[in-house]
K.L.:
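Sharing a structure here in structure tokens format.
Here the structure is a predicted model, which is why all the values come from computation and not from measurement. Values reported hereafter were calculated over all heavy atoms of this structure, with side chains retained and with hydrogens, waters and symmetry mates removed. A, B, ... follow the sequence lines: proteins, then strands. Residue 1 opens every chain.
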Amino acid sequence: MLAKRIIPCLDVTDGRVVKGVNFVELKDAGDPVEIARRYNEAGADELTFLDITASSDNRDLILHIIEAVASEVFIPLTVGGGVRAVADVQRLLNAGADKVSINTSAVTNPQLVKDAADRYGSQCIVVAIDAKRVNDHWEVFTHGGRRATGLDAVEWAKKMETLGAGELLLTSMDRDGTKSGFDLALTRAISDAVSIPIIASGGVGNLQHLVDGVREGHADAVLAASIFHFGEYGIDEAKKYMRQHGIEVRL
Amino acid sequence: MAVDIAVIDYGMGNLRSVSKAIEHVAPAMNVVVTADPAVIAAAGRVVFPGQGAAPDCMREIDARGLRSVIVEAAKSKPFLGICMGMQVLFEHSEEGDTDCLGIFPGSVQRFPADAMLDDKGGKLKVPHMGWNNVHQAMPHPLWTGIEEGARFYFVHSYFVQPTSPDLIAGFSHYPFPFTCAVASDNIFAVQFHPEKSQNAGLALLGNFATWNPGEHASACDLSGAACA
């Protein structure tokens with residue numbers, strides 16, 4: 001049976017992992033390659049890198065990181081952040097990314113999603129949706145949750161599927177960083193509205209939240225950063241917990 | 001320097017990960033990503049990967065003049081098809097109503113929308129994306145050291161239906177059983193991505209790098225035992 005996936009997310013800026021990662025005996029808490037290697041050994045099903053480099057001078061650093069990781073870590077690698085054109089998608093894929101995540105540019109230029117999917121296949125195009133509850137529905141936000149778009153998140157998810165997204169990375173901006181669990185109603189509303197897989201993100205504080213994301217939120221994969229980075233829980237521990245709760249995982 | 005393994009580049013997908021994974025398990029081998037028919041024809045082994053849509057794959061194969069060298073390699077040397085490189089070995093794909101290479105009798109079909117429910121009635125997504133158990137339908141040198149039911153990474157919306165069950169080397173469930181590996185003589189082809197399937201995938205690629213189909217067949221002939 002197909003396993004639900006657990007995906008650690010690494011925020012990278014200027015070639016370094018931003019939030020220090022607390023592995024035992026990790027030589028360099030900011031080295032993305034070493035961290036990727038450790039997560040791979042720990043049983044991560046995929047890895048996601050989010051490049052939040054502000055300076056355009058250092059934007060190519062992510063390419064070197066992906067090249068290095070792809071040479072020794074043989075699980076799927078997703079890279080997002082600053083993807084604005086088909087040429088950006090191409091550069092990341094050539095460096096060794098398996099999937100490229102498009103966020104703000106999907107809103108400003110939806111055609112990019114279609115062009116990239118037509119050129120490289122839907123399997124490698126992830127659309128990241130940052131959603132926030134506004135009155136009785138969820139709205140898409142960009143620029144790290146600062147800018148409202150007026151777009152309904154569920155309708156937007158359907159449109160992205162139509163344009164060729166192969167997967168959606170859904171982050172609740174209300175829950176992100178709160179450790180209070182995924183926005184389950186949002187996750188379920190979008191997962192049930194489309195036929196492509198959904199990665200739930202934003203708000204994980206404990207292992208029950210991962211179970212809830214799959215069971216109640218109908219997520220196909222769960223993404224988390226801090227609970228893994230700071231050593232609160234191991235990937236293996238998370239998977240065992242999910243299995244105990246009747247969820248199929250790769251152990 | 002002689003090319004040990006040629007990874008056929010026809011512009012469909014991330015070939016770097018395929019070549020990197022093979023280099024990782026077979027560091028002494030010369031692995032080349034190439035679109036040059038002469039290099040492919042001269043290589044000791046051939047890997048035929050591919051992602052994307054069937055019509056694009058067939059168009060690109062022909063645009064690059066690669067059809068005959070692929071068909072020839074599939075007859076004559078250790079040949080590993082991956083993902084789209086497995087699907088187009090069959091006669092026809094439902095995806096874009098595409099005629100394929102026709103090396104194996106059978107067709108390629110989409111996961112039918114009305115059948116995509118799990119045992120609790122929950123919706124199953126298409127593409128089939130993630131780690132699924134692969135059941136070995138026959139003993140084969142490429143399964144050496146890989147546990148029965150080991151998980152491999154998949155991402156696809158279409159699957160092959162071989163006319164002859166004798167071809168089936170492996171199957172998976174989503175939710176019904178579908179063929180995810182086929183084998184015949186010097187050809188082994190898989191729907192999943194060994195280059196992204198961590199230890200199990202690396203084991204399969206390592207097995208391919210040292211596989212000698214002729215030797216396997218003759219060993220069986222000499223012993224007089226049934227090879228299945």
K.L.:
Just wondering, do A:Asn94 and B:Arg16 contact through their side chains at under 4.5 Å, heavy atoms?
P.N.:
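No - every pair of side-chain heavy atoms lies 4.5 Å or more apart.
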K.L.:
Quick one: what part of B:Glu195 sits under 4.5 Å from any heavy atom of chain A, side chain, backbone, both or neither?
P.N.:
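The answer is the backbone of B:Glu195.
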K.L.:
So for A:Ser122, is it side chain, backbone, both, or neither that comes closer than 4.5 Å to the heavy atoms of chain B?
P.N.:
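Contact with chain B involves no heavy atom of A:Ser122 at all.
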K.L.:
So A:Lys99 and B:Met129, do their side chains get closer than 4.5 Å, heavy atoms only?
P.N.:
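Yes; the side chains approach each other to less than 4.5 Å.
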K.L.:
So with a 6.0 Å cut-off around NZ of A:Lys114, is the heavy-atom count from everything else above 12?
P.N.:
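Open.
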K.L.:
Can you name the closest pair of heavy atoms from B:Val155 and A:Gln123 and give their distance?
P.N.:
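B:Val155 and A:Gln123 have their closest heavy atoms at CG2-CB, 3.5 Å.
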K.L.:
Is B:Arg151 salt-bridged to A:Glu248, going by a charged N under 4.0 Å from an acidic O?
P.N.:
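A salt bridge is present here (some side-chain N lies under 4.0 Å from a carboxylate O).
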K.L.:
For a 4.5 angstrom cut-off between non-hydrogen side-chain atoms, does B:Glu23 reach A:Ser71?
P.N.:
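Counting from C-beta outward, B:Glu23 and A:Ser71 never come under 4.5 Å.
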K.L.:
Examine whether an atom of A:Ala117 lies under 4.5 Å from a heavy atom of chain B, and if so say whether it belongs to the side chain, the backbone or both; otherwise answer neither.
P.N.:
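For A:Ala117, neither part sits under 4.5 Å from chain B.
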K.L.:
Report yes or no: do B:Lys123 and A:Ser195 form a side-chain donor-acceptor pair below 3.5 Å?
P.N.:
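Short answer, no.
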K.L.:
Find the one option among A:Glu167, A:Arg119, A:Lys4 whose heavy-atom pairs under 4.5 Å with chain B are most numerous.
P.N.:
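The residue among A:Glu167, A:Arg119, A:Lys4 with the greatest pair count is A:Glu167.
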K.L.:
Can you name the nearest heavy-atom pair linking B:Trp131 to A:Asp45, along with the distance?
P.N.:
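Scanning both residues completely, I find the closest heavy atoms to be NE1-O, 3.0 Å.
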K.L.:
Does any backbone or side-chain atom of A:Ala97 lie under 4.5 Å from a heavy atom of chain B? Answer side chain, backbone, both or neither.
P.N.:
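Backbone only.
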K.L.:
Between A:Leu2 and B:Gly130, which heavy-atom pair has the shortest distance, and what is it?
P.N.:
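Heavy atoms only, the tightest pair is CD1-C, 3.6 Å.
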K.L.:
If you count heavy-atom pairs under 4.5 Å between each of A:Gly96, A:Ala70, A:Gly121 and chain B, which one has the most?
P.N.:
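That would be A:Gly96.
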K.L.:
If every non-hydrogen atom of A:Glu46 is compared with every non-hydrogen atom of B:Tyr153, which pair is closest and at what distance?
P.N.:
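Where A:Glu46 meets B:Tyr153 most closely, the heavy atoms are OE2-OH, 3.1 Å.
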K.L.:
If you round to the nearest 0.5 Å, how far is CD1 of A:Ile196 from OG of B:Ser157?
P.N.:
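Answer for the OG-CD1 pair, B:Ser157 versus A:Ile196, is 10.5 Å.
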K.L.:
Can you name the closest pair of heavy atoms from A:Arg250 and B:Gln198 and give their distance?
P.N.:
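So the minimum-distance heavy-atom pair works out to NH1-OE1, 3.1 Å.
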K.L.:
Is any side-chain heavy atom of B:His128 closer than 4.5 Å to a side-chain heavy atom of A:Pro197?
P.N.:
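No; the side chains remain at least 4.5 Å from each other.
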K.L.:
Compare all side-chain heavy atoms of A:Phe74 with those of B:Lys20 and state whether any distance is below 4.5 angstrom.
P.N.:
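They are in contact (side-chain heavy atoms under 4.5 Å apart), so the answer is yes.
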K.L.:
Can you tell me which portion of B:Ala53 sits under 4.5 Å from chain A's heavy atoms? Options are side chain, backbone, both or neither.
P.N.:
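Neither part.
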K.L.:
Do other residues, nucleotides or ligands put more than 12 heavy atoms under 6.0 Å from B:Glu147 CD?
P.N.:
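Not more than 12 within 6.0 Å, no.
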K.L.:
Please determine, among A:Gly166, A:Ser191, A:Ala221, the option with the most heavy-atom pairs under 4.5 Å with chain B.
P.N.:
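Heavy-atom pairs under 4.5 Å are most numerous for A:Ser191.
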K.L.:
For the atom pair CG (A:Asn40) and CG (B:Asn199), what is the distance rounded to the nearest 0.5 Å?
P.N.:
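These two atoms lie 7.5 Å from each other.
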